[in-house]
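Basis for what follows: all heavy atoms, side chains included, without hydrogens, waters or symmetry-related copies. Position 1 is the first residue of the sequence, and the numbers go up from there.
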Amino acid sequence: MSAAARQGRDRRARVLPAAPGRPAFDRSAFDRSGPGGTAAPRVAVVGGGIAGLAAATGLAERGVRVTVYEREPQLGGRLAGWPVRLRDGSPATMSRGFHAFFRQYYNLRGLLRRIDPLLTGLRGLPDYPLQHSGGARDSFAHVPRTPPFSALGFAALSPTFGLRDLAGMAPRAALPLLDVRVPEVYERWDGTAAQELLTAIRFPEAARDLAFEVFSRSFFADPGALSAAEMALMFHIYFLGSSEGLLFDVPAEPYPRALWEPLGDYLEKLGVRLRTGEPVLGIRPEGGARIVSTAAGEEHCAAVVLALDTAGLRTVAAASPRLADAAWRERVSRLRTAPPFLVSRLWLDRPVARRRPGFLGTSGYGPLDNVSVLERWETEAARWAARTGGSVVELHAYAVDPAAARQPRTREQVQERLRGELARVYPETAAARVLDACHEWRADCPLFPVGGYRDRPAVRTPDPRLVVAGDLVRTGLPVALMERAATSGLLAANVLLARWGVRGHPLRTVPDRGRSALLRSLARLG
């Protein structure tokens, strides 16, 4: 069995058993009577990304009749892909960019096992190197996976941790990181910026620039604007809370073929109606039903799952004056979106050097945050590279100045700057000719600002027939990013299933506290 196909090697992973109940609904009828009925209710899932598809899967597998509404023409949300035609006439797939499928993402990987039981469609990358323009370079290939040796091994192997740096740190300020718990981590650190926490710990400047800035910017935010609680949670998930390590897998095919087309087929076989290109305009309660309105008409549902991005959730809440209650809608209105980001995909006329990794995180290269060489793992890019002798590279710029992102000319300047920084990172690309390029600008990721945790929605709402899912949602579990989306989707399904007396789905997370009594005791000294 491949590394990607492992269920997970961490014996201390936390298992949340499914709530008990009858096995499933009778699919033969539509019951509007609410709790206690035996026939299948209709549920609308608003949003066809990871969270929405996880919720739809969890419900449909228990016999619930599900309609998924997705405003875009394709499923996948922020992992969607769509066809493009290159200048030479050949077809290709564009997306919103590289995503890492870490091995701690138990519930996301469990969702994918519905369509690929052995996860043969995922390919493990041998390393996750980080490179600073000053010459420092970190690697995770040889870092031990088992805590606390993972964190100690990273420090020992990293060139950014010298003896003088280690001696200058403030260990007492760092001790609470040894026992991160949810939601206590938010009570302790949500009022502090990630940058402030690193300063208090006196974390070495070079290591801060190279490692933690890369992690914080995976939230599409500058460390000065990111809640320290989210950074501490990431530290727990990847370093001290899990023995799965920092290496990850990636889909071997573009997202539509690898993920969403087969998962869409799976859901349709369960009776799910997939209505892409159909945004929801509003939702209103009417007796025991919830009425979902679109340009095509209305649908009466027993319950609704809102699995939207930040702006989409704000829009639907604002257009639905009777949704949940006024306090809930007010909190939703205060949610913020992270700064814009850019994904540039370049088809070059010559290859990137063979020694270059498939993925490289960067720091100190202006707006450039990482570089992917797609033919290292994606078969579509590999076929193009083999046919032309070139390379397909993808460049990311996170947290771009919003003013710059609004103007066409400044957008072009950022795109040109990324191309120039690529030549600094990989000098052999300086003379390469760009045969084709796609530039994708977006600004729809959630921002986790200092003090923002209290406004983020939980899965449950004041309306028992309305639940929320997505990577912006408070789950009370040690999950983040794509795994938070998948986990919250299944949690949303479980809440509704429990309401109807139907068995839910078990979940799995990294441990929800420090792994050893010794580390927990040390944490209390902080």
Side-chain angles (χ1 to χ4, degrees), residues 1-21 49-62 79 99-122 124 145-147 150 179-185 233-249 259 263 266 307 458-459 467 469-471 473-498 502-516:
M1 185 178 293
S2 69
R6 285 195 313 268
Q7 180 68 21
R9 70 175 67 83
D10 191 349
R11 296 181 179 179
R12 298 192 185 184
R14 181 186 179 195
V15 177
L16 288 76
I50 291 174
L53 295 177
T57 300
L59 292 167
E61 287 179 341
R62 296 295 187 261
L79 264 74
H99 284 76
F101 289 66
F102 285 95
R103 291 159 193 171
Q104 295 91 333
Y105 289 0
Y106 301 123
N107 300 314
L108 174 59
R109 295 162 80 91
L111 177 66
L112 299 182
R113 287 179 191 279
R114 266 78 166 186
I115 56 173
D116 184 6
L118 297 181
L119 298 183
T120 55
L122 295 183
R145 290 189 292 263
T146 303
S150 48
D179 188 18
V180 170
R181 306 186 185 194
V182 180
E184 291 87 346
V185 66
L233 182 62
M234 293 280 279
F235 185 77
H236 173 74
I237 292 171
Y238 298 115
F239 278 107
L240 286 183
S242 169
S243 68
E244 302 292 357
L246 260 293
L247 300 183
F248 53 74
D249 307 308
L259 309 175
L263 187 57
Y266 174 79
V459 171
V467 289
D471 58 353
V473 168
R474 291 182 290 158
T475 64
L477 299 172
V479 290
L481 303 172
M482 292 193 296
E483 178 67 352
R484 185 182 287 152
T487 302
S488 63
L490 291 168
L491 284 171
N494 283 352
V495 167
L496 296 179
L497 292 172
V502 175
R503 186 177 69 244
H505 297 267
L507 298 173
R508 196 163 179 250
T509 73
V510 303
D512 61 347
R513 62 187 62 196
R515 294 175 66 89
S516 74

Euclidean distance, [Y] [atom2] relative to [X] [atom1], rounded to 0.5 Å:
X	Y	atom1	atom2	value
Leu79	Ile50	CG	CD1	5.0 Å
Arg484	Thr509	CZ	OG1	12.5 Å
Thr57	Arg62	OG1	CZ	11.5 Å
Glu61	Leu497	CD	CG	10.0 Å
Leu111	Tyr266	CG	OH	9.0 Å

### Query
Closest heavy-atom contact between Ala480 and Met234?
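Answer, listing the atom of Ala480 first, then Met234: CB-SD, 4.0 Å.
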### Heavy-atom closest pair, residues Asn107 and Glu483
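Taking Asn107 first and Glu483 second, the nearest heavy atoms are N-OE2, 2.8 Å.
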### Task
Using the salt bridge (Lys or Arg N to Asp or Glu O under 4.0 Å) rule, pick out the option among Arg145, Arg103, Arg515 that qualifies with Asp10.
Arg515
### Query
Are any side-chain N or O atoms of Arg114 and backbone N or O atoms of Leu263, one a donor and one an acceptor, separated by less than 3.5 Å?
no
### Query
Would you find a donor on one side and an acceptor on the other, under 3.5 Å apart, between the side chain of Ser488 and the backbone of Gly470?
yes
### Validation row, ring centre Phe101 to ring centre Tyr105 under 6.0 Å
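Not close enough - the centres of the two rings lie 6.0 Å or further apart.
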### Task
Quick one: sort the Phe102 and Phe248 rings into parallel, tilted or perpendicular, breaks at 30° and 60°.
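Perpendicular.
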### Message
If we check side-chain contact (heavy atoms from CB on, under 4.5 Å) with Pro147, which of these qualifies: Ser242, Pro511, Ser243?
### Response
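Result for side-chain contact (heavy atoms from CB on, under 4.5 Å) with Pro147: Ser243.
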Within a strict 4.5 Å, meaning less than it, do heavy atoms of the [X] and [Y] side chains meet?
X	Y	result
Val473	Leu491	no
Asp471	Met482	no
Leu119	Asp249	no

